[in-house]
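First the proteins, then the strands, lettered A, B, ... as listed; each starts at 1.
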Protein chains: 2
Amino acid sequence: MTKTEKTNKKIKATPEPTLRRLPRYLHLLKFLRETGDKSVSSTYIAKELGFDPTQVRKDIEYTGIVGRPKTGFNIVELISSIEEFLNWKNITDAFLVGTGSLGTAMLGYGRFKDYGLNFVAAFDNNEMKIGKTIHETPVLSMEKLVDLAKRMHINIGVITVPAFAAQHSADLLIEGGIRAIWNFAPIHLKVPEGVLVENAQLTQSLAVLTHKLADAISKD
Amino acid sequence: MTKTEKTNKKIKATPEPTLRRLPRYLHLLKFLRETGDKSVSSTYIAKELGFDPTQVRKDIEYTGIVGRPKTGFNIVELISSIEEFLNWKNITDAFLVGTGSLGTAMLGYGRFKDYGLNFVAAFDNNEMKIGKTIHETPVLSMEKLVDLAKRMHINIGVITVPAFAAQHSADLLIEGGIRAIWNFAPIHLKVPEGVLVENAQLTQSLAVLTHKLADAISKD
DNA sequence: TCCTTATCGAGAATTTTATATCGAGAAAAA
DNA sequence: TTTTTCTCGATATAAAATTCTCGATAAGGA
């Protein structure tokens, strides 16, 4: 590869493993900020979280910040850089579909604004819930979803309905012009090209745990 | 590497990506079982979930089942094989710490037995909650956690407390002899060697979504 | 001022994970 | 029966992610 070709290389998309680690750095960094520390090294972060220092540096590099030898990274700057990179500084309005126990819990978790998410409305089919509010978020009829999503230019939809209803919920969100879906239903959603789906399925995480545990116990 | 060395290679641990995909196969397979289908090919699974057929076959291989040319895999057998592999057939008793909105939602989700988990008790510091039950699970004082975990030989602890209380909860669970922690608090837990921690942090999943969405929108 | 130490960041090497290729075998069609 | 088609599973290749190596550089002593 010539030098010119090297210069022309397109910017690589951020690896997903990197994206998943960044929030973990962020939590640690916010903790360190409280303690009054001004800077932190990749070595320290790595030891604290059980990663490799080079990996931490490479991850941080994606966010666009530069460190300095001997001292490392400025904590405040690094926090800002990660939040910026994840787009957690621009609070995005979102719809939540399904106000069962998980949906209710999510509406009750007051911190999503720290992660760039703001629930402006929730939707449900249950007549008992429509018209009420859950933790200050109004619950509306599903029939209003498409039109309202269009008018409000909503980009993110969160699906917390049971599996059988998930595809229909997704279809409505997409019809309403949604760009990204955070799916908690244990099912694979079929969506047109251009619509992002992130599956937050707990069972995936649980699978890792139960398998490894069984493995560990079998070795006792 | 000589042939002998090759033969002596130790059995590799299952890759985490594989463990995360297996539950997705399982959900699809259970759906197919309902429709009455008897067998399914890796090609079909792959197309349905957007994976590569070879990858699906490799994943399935880990669970120990063999398919047959032209028809693929027996659905019932495959379901059983995956569940066995993830240890979801042996229901494991678990403690849940923290009965806030998320903890309550989890106790309310009646399906964890399908994933090998059974909540036998929940713990909280809130005097108002102690002594009551949430969806049939008794809520006990944190003071009883260690002793009860020891006596009941509990292996899995689920942490759904706020971040500031998570490490203390983990310490108690570990003192009680727990082997694996499913952590929902946005914090890195420090645990001794041998204790498994699986972070189910929603923020990690959300980071992937918000970053990619911002990226996609910026390209419009 | 010079020396020692800790760290970054670039690039190489390694490991892990994903995808492609292809022979063999089973089912269905001819 | 023979041919065609589809799929598995073994092996090879490619891509992605992680880890190692090392020169450069800033900070804090000696």
Side-chain angles (χ1 to χ4, degrees), chain A residues 1-3 5-7 9-22 24-25 29 32 37-75 77-78 81 204 208 211-212, chain B residues 1 3 5-7 9-22 24-25 29 32 37-75 77-78 81 204 207-208 211-212:
Chain A
M1 194 185 259
T2 71
K3 225 166 194 167
E5 276 168 337
K6 240 181 177 168
T7 314
K9 73 168 178 238
K10 57 169 174 279
I11 311 106
K12 276 205 309 257
T14 315
E16 262 196 43
T18 294
L19 291 175
R20 290 186 191 283
R21 282 187 296 265
L22 288 174
R24 304 193 57 182
Y25 302 157
L29 291 165
L32 293 174
D37 293 7
K38 291 291 170 246
S39 62
V40 67
S41 70
S42 63
T43 318
Y44 181 85
I45 297 175
K47 203 183 319 175
E48 203 66 15
L49 302 183
F51 297 139
D52 182 275
T54 309
Q55 182 173 70
V56 174
R57 281 201 293 279
K58 279 217 152 61
D59 287 344
I60 288 174
E61 202 181 350
Y62 279 100
T63 73
I65 208 174
V66 294
R68 43 186 357 216
K70 186 76 179 181
T71 51
F73 301 87
N74 179 289
I75 290 177
E77 276 179 27
L78 186 47
S81 181
Q204 290 175 27
V208 177
H211 174 77
K212 285 188 180 170
Chain B
M1 192 185 259
K3 221 156 193 178
E5 277 168 336
K6 239 180 178 169
T7 314
K9 74 173 178 234
K10 58 171 172 279
I11 311 104
K12 276 206 307 260
T14 315
E16 261 196 46
T18 293
L19 290 175
R20 289 185 193 284
R21 283 188 295 265
L22 289 174
R24 304 193 56 182
Y25 302 158
L29 291 165
L32 292 175
D37 293 6
K38 291 289 169 250
S39 62
V40 67
S41 70
S42 63
T43 319
Y44 180 84
I45 296 175
K47 203 182 322 173
E48 204 65 16
L49 302 183
F51 297 138
D52 183 276
T54 309
Q55 183 174 70
V56 174
R57 281 201 293 278
K58 277 216 152 60
D59 288 343
I60 289 174
E61 202 181 350
Y62 278 100
T63 73
I65 207 174
V66 294
R68 47 186 352 217
K70 185 77 177 183
T71 50
F73 301 86
N74 178 289
I75 291 177
E77 276 179 27
L78 186 47
S81 181
Q204 291 175 27
V208 177
H211 173 77
K212 286 188 180 170

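The base of D/dT18 does not come close enough to the side chain of A/K58 for any donor and acceptor atom to sit less than 3.5 Å apart.
Distance alone, capped at 3.5 Å, is enough to place a donor-acceptor pair between the B/S81 side chain and the B/T63 backbone.
Taking every heavy atom of both residues into account, B/P53 and B/T43 meet most closely at CB-CA, 4.2 Å. In plain terms, the two heavy atoms of A/T71 and A/R68 that are nearest each other are OG1-CG, 3.1 Å. The minimum heavy-atom distance between B/Y25 and B/L49, with the atom names listed, is CD2-CD1, 3.6 Å.
Atoms CD1 (A/I45) and P (C/dG9) sit 12 Å apart, rounded to a whole Å. Note: CG (A/N74) to P (C/dT7) measures 16 Å, nearest angstrom. Taking atom CG of residue A/L19 and atom P of nucleotide D/dA17, one finds them 10 Å apart after rounding to whole Å. In this entry the distance linking OH of A/Y44 with C1' of C/dC8 reads 19 Å, nearest Å. Spacing between atom CG of A/D59 and atom P of D/dA16 amounts to 17 Å, rounded to whole angstrom units. Between B/E77 atom CD and D/dC8 atom P there is a gap of 14 Å when expressed in whole angstrom units. The CG-P distance, from A/D52 to C/dT14, rounds to 16 Å in whole Å. Rounded to whole angstrom, the span from the CG atom of A/L78 across to the P atom of C/dC8 amounts to 10 Å.
Heavy-atom nearest nucleotides on DNA chain D were determined for B/R57 and for A/Q55, and the one closer to the 5' end corresponds to B/R57. Nucleotides of DNA chain D nearest to B/G67 and A/P69 differ in position, and the one nearer the 5' end is that of B/G67. Nearer to the 5' terminus of DNA chain C, by closest-nucleotide assignment, is the contact made by A/E61 (compared with the other of A/E61 and B/T54).
Listed nucleotides: C/dT19, C/dA18, C/dA27. Nearest to the side chain of B/P17: C/dA18. Of all nucleotides listed (C/dA18, C/dA20, D/dT18), C/dA18 comes nearest to the side chain of B/R21. Here the side chain of B/F73 is nearest to one of C/dC8, C/dT17, D/dG9, namely D/dG9. Ranking C/dC8, D/dA27, C/dA10 by closeness to the A/K70 side chain, first place goes to D/dA27.
Heavy atoms of B/F51 sit nowhere under 4.0 angstrom from any nucleic acid atom. Residue-level contact check: B/T71 touches the backbone only, with heavy atoms under 4.0 Å from sugar-phosphate atoms and none from bases. Among the heavy atoms of the strands lying under 4.0 Å from B/S42 are primed sugar atoms or P, OP1, OP2 only; no base atom is included.
For A/R68, no side-chain nitrogen or oxygen approaches OP1 or OP2 of C/dC8 to under 4.0 Å. At the phosphate of D/dC8, neither OP1 nor OP2 sits under 4.0 Å from any side-chain N or O atom of B/S41.
The CG atom of A/D37 sits 11.0 Å away from atom CG of A/N74, with the distance rounded to the nearest 0.5 Å.
None of B/T54, B/T18, B/T14 except one satisfies the side chain to side chain contact (heavy atoms under 4.5 Å, CB included) rule with B/D59; the exception is B/T18.
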